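Just so we're clear, the structure is a prediction, and the values are computed from it rather than from any experiment.
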Amino acid sequence: MKKILYPFIALVCLVVALFILGSTPFVLNFAREKAQSALQKGTNLPITSGSLSGNLFYALEIRDVNVDSIVVLHKGRASYSALKLLSNQIEIRDLLIEGLSVDIDRLGEIRDSLQKVEKGGEFPFTVQIAKASLKNSEAFGIVNNKRLAARIFLKGAATAERAIIDTLIIRTDSSTVSAHGIIPLTDTIPLNVQYSIDLLLQELGQTNLSGSIECSGTIHGNRREPIIDNQAAFQIAYNEDDVSGTAEIHWHT
């Protein structure tokens, strides 16, 4: 009987030891440095990160990530099932992105760097995110020599087949875009997104252009052939000309 129990006890002790090691600063710092090094090699861009905390086997939080000042992240936190990795699945129960800042004008540098990296095979994992949220974040760029920043709030989820937008709000000082719906990631899932836009034209920084555009509609069909049905009300002044009215738009590829 003891001969049977000893291997079982040893296995339990090993699992407990690994679980404890997964939350030690030494192991977490080692994992952070390895991941940072791999990302730098994969993007050819300088990447720095602050701290990694939590436990490698079920939840992690990373702070102060900087990708060449193009993408800056204050905090990212994820809870997940490590055992699912054994069956080529990434199952994230809760994902929080907070304090993300993106320089739109320089995003092309990341794209160009990724194109220079030799591509491997297909991604071997399926990804599922039960709950995701993005808050206290912004994207910014230069429009007509003026810095324009948009604050972004997002709640949703994702599977291998679809991205689910529960709430998406993009807001500048005077304009707002909101949306919710389903974005397909495969050809078998229909596209269905409802949106509304309230745009103040003065924010575009175009001389002598003022007014507003309010519109709402749906984007449906499929991801390869989207269809847009839109209703808009507008009041536009440019130089000495004024135009106002309503419009209905139906567009498809």
Next item on the list: Measure the CZ-OG distance between Phe234 and Ser244 for me, rounded to the nearest 0.5 Å.
Entry: 7.0 Å
Note to self: Can you confirm whether Val102 sits close enough to Glu138 that some side-chain heavy atom of one is under 4.5 Å from a side-chain heavy atom of the other?
What the structure shows: no
Checklist line | Check: Ile228 and His250 side chains under 4.5 Å, non-hydrogen atoms | finding: no
Check: Which atom pair, heavy atoms only, marks the closest approach of Arg223 to Leu185?
Finding: NH1-O, 3.0 Å
Checklist line | Shared hydrophobic cluster for Val127 and Leu134 (ILVMFWY, side-chain gaps under 4.5 Å) | finding: yes
Item checked: Heavy-atom pair with the smallest gap, counting every atom of Ile183 and Val193 -> CG1-CG2, 4.0 Å
Next item on the list: Could you pull out the closest heavy-atom pair between Ile165 and Leu154, with the gap in Å?
Entry: CG2-CD1, 4.0 Å
Checklist line | Polar side chain donor-acceptor pair, Glu203 to Thr172, under 3.5 angstrom | finding: yes
Item checked: Heavy-atom donor-acceptor pair, Asn55 side chain to Phe57 backbone, under 3.5 Å -> yes
Notebook entry, point to check: Under a 4.5 Å side-chain heavy-atom rule over Ile, Leu, Val, Met, Phe, Trp and Tyr, are Leu204 and Ile236 clustered together?
Noted result: yes
Next item on the list: Flag the pair Leu52 / Leu60 as yes when at least one side-chain heavy-atom distance between them is below 4.5 Å, and no otherwise.
Entry: yes
Margin query: I'd like to know whether NE2 of His252 has more than 12 heavy-atom contacts from other residues, nucleotides or ligands below 6.0 angstrom.
Written below: no
Notebook entry, point to check: Does some side-chain heavy atom of Leu201 sit less than 4.5 Å from a side-chain heavy atom of Ile213?
Noted result: yes
Notebook entry, point to check: Which atom names give the shortest non-hydrogen contact between Gly54 and Leu28, and what distance separates them?
Noted result: O-CD1, 3.7 Å
Margin query: Between Arg63 and Glu61 (salt bridge meaning N to carboxylate O under 4.0 Å), is one present in this structure?
Written below: yes
Next item on the list: Evaluate side chain to side chain donor-acceptor pair (under 3.5 Å) for Ser49 paired with Arg32, printing each intermediate quantity in order.
Entry: CA-CA 8 Å; Ser49 58; Arg32 179 183 61 82; 3.1 Å; yes
Check: With no hydrogens and no angle check, do the side chains of Gln194 and Asn192 hold a donor and an acceptor under 3.5 Å apart?
Finding: yes
Checklist line | CG-CD distance between Asp173 and Gln202, expressed to the nearest 0.5 angstrom | finding: 12.5 Å
Next item on the list: Kindly compute the distance separating NZ (Lys155) from OG (Ser133), expressed to the nearest 0.5 Å.
Entry: 7.0 Å
Next item on the list: Flag the pair Cys215 / Ile197 as yes when at least one side-chain heavy-atom distance between them is below 4.5 Å, and no otherwise.
Entry: yes
Item checked: Non-hydrogen atoms of Phe140 and Arg147 that approach each other most closely -> CG-NH2, 3.3 Å
Notebook entry, point to check: Hey, are Ser212 and Gln235 close enough side-chain-wise for a donor-acceptor pair under 3.5 Å?
Noted result: no
Next item on the list: State the NZ-CG distance between Lys34 and Leu39, to the nearest 0.5 angstrom.
Entry: 13.5 Å
Notebook entry, point to check: Counting heavy atoms not belonging to Lys131, are there more than 12 under 6.0 Å from its NZ?
Noted result: no
Next item on the list: Establish whether Tyr195 and Leu168 are linked, either directly or via other cluster members, by ILVMFWY side-chain heavy-atom contacts under 4.5 Å.
Entry: yes
Notebook entry, point to check: If we only count heavy atoms from C-beta on, is the Arg162 to Ile164 side-chain gap below 4.5 Å?
Noted result: yes
Note to self: Is there a side chain to side chain donor-acceptor pair (under 3.5 Å) between His74 and Glu98? Walk through the geometry before answering.
What the structure shows: CA-CA 6 Å; His74 171 62; Glu98 184 174 358; 5.8 Å; no
Checklist line | Any side-chain heavy-atom pair of Thr176 and Ile169 under 4.5 Å | finding: yes
Item checked: Criterion side chain to side chain donor-acceptor pair (under 3.5 Å) on Thr186 and Glu161, from CA distance to verdict -> CA-CA 5 Å; Thr186 67; Glu161 296 181 333; 5.1 Å; no
Notebook entry, point to check: So, for Gln40 and Leu45, which heavy atoms are closest and what is the spacing to 0.1 Å?
Noted result: CG-O, 3.6 Å
Next item on the list: Could you tell me whether the side chain of Ser137 and the main chain of Leu100 form a donor-acceptor pair under 3.5 Å?
Entry: yes
Checklist line | Note: Arg106-Asp68 ion pair, threshold 4.0 Å (strictly below) | finding: yes
Check: Hey, what do you get for OG (Ser101) to CG (Asn136), rounding to the nearest 0.5 Å?
Finding: 12.0 Å
Check: Would Thr126 and Asn88 count as a side-chain contact (heavy atoms from CB on, under 4.5 Å) if you check the C-alpha gap in whole Å, the side-chain angles of each, and the deciding distance to 0.1 Å?
Finding: CA-CA 7 Å; Thr126 59; Asn88 290 342; over 6 Å; no
Next item on the list: Using the six-membered ring of Phe153, assess whether NZ or CZ of Arg171 lies under 6.0 Å from its centre and within 45 degrees of the ring axis.
Entry: no
Check: For the atom pair NE2 (His180) and OG1 (Thr167), what is the distance rounded to the nearest 0.5 Å?
Finding: 8.5 Å
Next item on the list: Would you check, one step at a time, whether the test side chain to side chain donor-acceptor pair (under 3.5 Å) holds for Asp229 with His220?
Entry: CA-CA 8 Å; Asp229 289 313; His220 54 101; 2.7 Å; yes
Checklist line | Single-linkage hydrophobic cluster, 4.5 Å side-chain cutoff, Leu199 and Trp251 together | finding: yes
Notebook entry, point to check: Do side-chain atoms of Gln36 reach the backbone of Ile47 as a donor and acceptor pair under 3.5 angstrom?
Noted result: yes
Check: For Asp242, what residues pass the salt bridge (Lys or Arg N to Asp or Glu O under 4.0 Å) criterion, not counting sequence neighbours?
Finding: none
Notebook entry, point to check: Do Ile70 and Ile142 share a hydrophobic cluster (ILVMFWY, side-chain heavy atoms under 4.5 Å, transitive)?
Noted result: no
Next item on the list: For side-chain contact (heavy atoms from CB on, under 4.5 Å), just list the numbers for Ile110 and Val71, CA-CA rounded to whole Å, side-chain angles, deciding distance to a tenth of an Å, and then say yes or no.
Entry: CA-CA 9 Å; Ile110 294 180; Val71 177; 3.9 Å; yes
Checklist line | Beyond-backbone contact of Val65 with Val72, side-chain heavy atoms, under 4.5 angstrom | finding: no
